[in-house]
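A quick write-up on the structure given underneath.
So you know, we letter chains A, B, ... as the sequences are listed, proteins then strands, and number each from 1.
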Protein chains: 2
Amino acid sequence: MTDGARIRVALADDQELMRQALGIMLEDPPDLELVAQAADGAELLERLRAHRADVVVMDVRMPRMDGIEATRRVRAEHPGTRVLVLTTFDLDEVVFAAIRAGASGFLTKDASAEELAAAIRAVHAGDATLAPRATASLIDFVARAPTAADAETLLAALTARERDVLAELVVGASNDEIAERLYLTGNTVKTHVKAILAKLGLPDRVHVVIWAYEHGLVVR
Amino acid sequence: MTDGARIRVALADDQELMRQALGIMLEDPPDLELVAQAADGAELLERLRAHRADVVVMDVRMPRMDGIEATRRVRAEHPGTRVLVLTTFDLDEVVFAAIRAGASGFLTKDASAEELAAAIRAVHAGDATLAPRATASLIDFVARAPTAADAETLLAALTARERDVLAELVVGASNDEIAERLYLTGNTVKTHVKAILAKLGLPDRVHVVIWAYEHGLVVR
DNA sequence: GCGCGCCTCACCCGATCGGGTGAGATGCGA
DNA sequence: TCGCATCTCACCCGATCGGGTGAGGCGCGC
């Protein structure tokens with residue numbers, strides 16, 4: 001479906017039984033191929049050096065090196081290898097930590113063979129799969145993130161030049177720096193800054209920065 | 001599984017054929033009950049007043065009132081009703097817009113009856129389901145968001161009192177305001193501020209605010 | 001007991017900032 | 001053509017800020 005070749009899968013789980021169960025799950029699908037197994041993160045990294053994998057199915061809780069750290073290392077050493085994290089419970093902290101470490105997917109261990117295979121294929125295709133509860137957390141996170149749209153009404157009150165100055169203010173430029181960058185005199189900059197503060201109803205440039213971040217004007 | 005009673009589902013899609021197809025998909029599962037149908041957002045809102053629904057399965061593209069706006073209204077008028085958004089393509093903008101409007105889930109129209117039912121159950125249970133591509137977008141978004149952990153090394157260099165002052169700086173407090181809130185003299189505050197600037201290697205309080213936001217110290 | 005880090009406060013100084021006021025040039029639309 | 005908004009710049013003033021230096025009190029560990 002993706003590129004003709006079989007998807008090379010590596011397993012990392014400290015429980016022998018779980019590895020066996022996962023291995024069996026991966027036997028049927030003809031497009032999947034189990035190329036490596038490991039009982040912890042350190043072992044996994046070692047195995048991956050000999051057997052490149054497209055997707056690593058990784059348990060979070062493992063001795064020596066846990067799944068989060070292992071995910072980070074895998075992503076650093078093998079940028080092309082995607083990581084699908086497996087856990088017993090889909091706790092928020094673990095999900096976020098795994099995502100930040102570079103995981104592409106997240107599945108609970110009660111997933112069926114079909115779900116696992118589908119998740120591996122999705123992750124390999126550059127998509128992603130998350131356990132329902134984890135998905136809910138992410139959605140909540142995204143929904144909370146503000147949009148630039150919220151500030152647009154106030155922003156519309158500013159003139160073009162004032163918006164230029166605002167952009168400089170937001171990155172922490174002093175009046176002199178703004179003057180230099182926009183080819184203006186310090187006096188002119190001050191005029192614009194004063195206008196901005198008045199129009200936005202803010203007391204000083206510090207609050208302009210806060211306002212900008214709070215309203216999502218800054219992307220980070 | 002959730003509360004014994006059947007999950008009341010409402011459908012909103014302008015394509016008659018699609019509504020029929022979805023309706024048929026919902027016939028089999030014994031825990032789902034189709035209580036209302038609508039061809040656009042406005043009609044949906046009207047129907048929901050008579051027939052409360054637990055989950056609304058909503059198309060994005062509809063005449064009169066699109067799915068995004070309809071989602072917003074539904075969430076405003078019926079906070080207990082969850083929205084599962086359906087589209088033909090899982091475009092990023094639509095996903096984010098829908099999430100911001102309050103949608104709990106996101107599915108492409110090529111989903112199977114089982115996937116649809118599972119998604120409805122997940123959404124009703126307070127969880128969520130996303131199309132794989134959409135999930136990937138969200139994960140990317142979350143992964144990009146910085147963590148407080150990034151700043152912890154620098155933050156560790158600050159003394160307890162300096163962290164108190166830092167917290168005030170970040171919300172835009174002037175030295176006098178900080179002094180008042182922390183029961184200090186202006187001179188003491190200045191001492192702390194100077195120490196903070198020196199330790200963080202920043203030129204002024206404006207950059208402290210920027211630094212805090214960039215490192216995710218502020219939650220928003 | 002002595003040193004060391006922390007918290008507290010003080011004074012001085014120069015730089016920067018924000019507020020107030022005014023004004024010339026330009027361009028756009030009524 | 002006559003406003004009107006915008007952009008530009010100027011000067012003044014008081015407030016605030018950041019840097020430098022010093023110092024007393026307190027608690028903790030060596």
Count the heavy atoms belonging to other residues, nucleotides or ligands that lie under 6.0 Å from [atom1] of [X], then report whether that count exceeds 12.
X: A:R61; atom1: CZ; value: no
X: B:E177; atom1: CD; value: yes
X: B:R52; atom1: CZ; value: no

What nucleotide, of [options], holds the atom closest to the side chain of [X]?
X: A:D176; options: C:dC9, C:dC7, C:dT16; answer: C:dT16
X: A:K194; options: D:dC17, C:dC6, C:dT21; answer: C:dT21
X: B:R161; options: C:dT8, D:dT8, D:dC9; answer: C:dT8
X: A:R205; options: C:dG18, D:dG18, C:dC7; answer: C:dG18

Interatomic distance where [atom1] belongs to [X] and [atom2] belongs to [N] [whole Å]:
X: A:N175; N: D:dC9; atom1: CG; atom2: P; value: 14 Å
X: A:N187; N: D:dT6; atom1: CG; atom2: C1'; value: 17 Å
X: B:I178; N: C:dC9; atom1: CD1; atom2: P; value: 14 Å
X: A:I196; N: C:dG18; atom1: CD1; atom2: C1'; value: 13 Å
X: A:E180; N: C:dT16; atom1: CD; atom2: P; value: 12 Å
X: B:K199; N: C:dG5; atom1: NZ; atom2: P; value: 11 Å
X: B:L197; N: D:dT16; atom1: CG; atom2: C1'; value: 14 Å
X: B:D204; N: C:dG18; atom1: CG; atom2: P; value: 11 Å

5' precedence on DNA chain C between B:E162 and B:G186 (nearest-nucleotide basis): B:E162
First of B:P203 and B:T191 reached from the 5' end of DNA chain D, by closest nucleotide: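 Checking each residue's closest nucleotide, the 5'-ward one belongs to B:P203.
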Presence of A:S174 side-chain N/O under 4.0 Å of C:dT16 phosphate oxygens OP1/OP2: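 Indeed not, no polar side-chain atom of A:S174 lies that close.
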Under-4.0 Å side-chain N/O to phosphate OP1/OP2 contact, A:H192 with D:dC7: no
Can you find an N or O donor on one side and an acceptor on the other, under 3.5 Å apart, linking the side chain of [X] with the base of [N]?
X: B:T159; N: C:dC6; value: no
X: B:K190; N: D:dG18; value: yes
X: B:T188; N: C:dC7; value: no

Touch class at under 4.0 angstrom, heavy-atom based, for B:A198 against every strand present: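 No contact at all - B:A198 keeps every heavy atom at 4.0 Å or more from the nucleic acid.
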Rounded distance (nearest 0.5 Å) linking atom CG of B:L86 with atom CZ of B:F106: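 If we round to the nearest 0.5 Å, B:L86:CG and B:F106:CZ are 8.5 Å apart.
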Charged N-O contact under 4.0 Å between A:R19 and A:D13: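 Salt bridge absent between A:R19 and A:D13.
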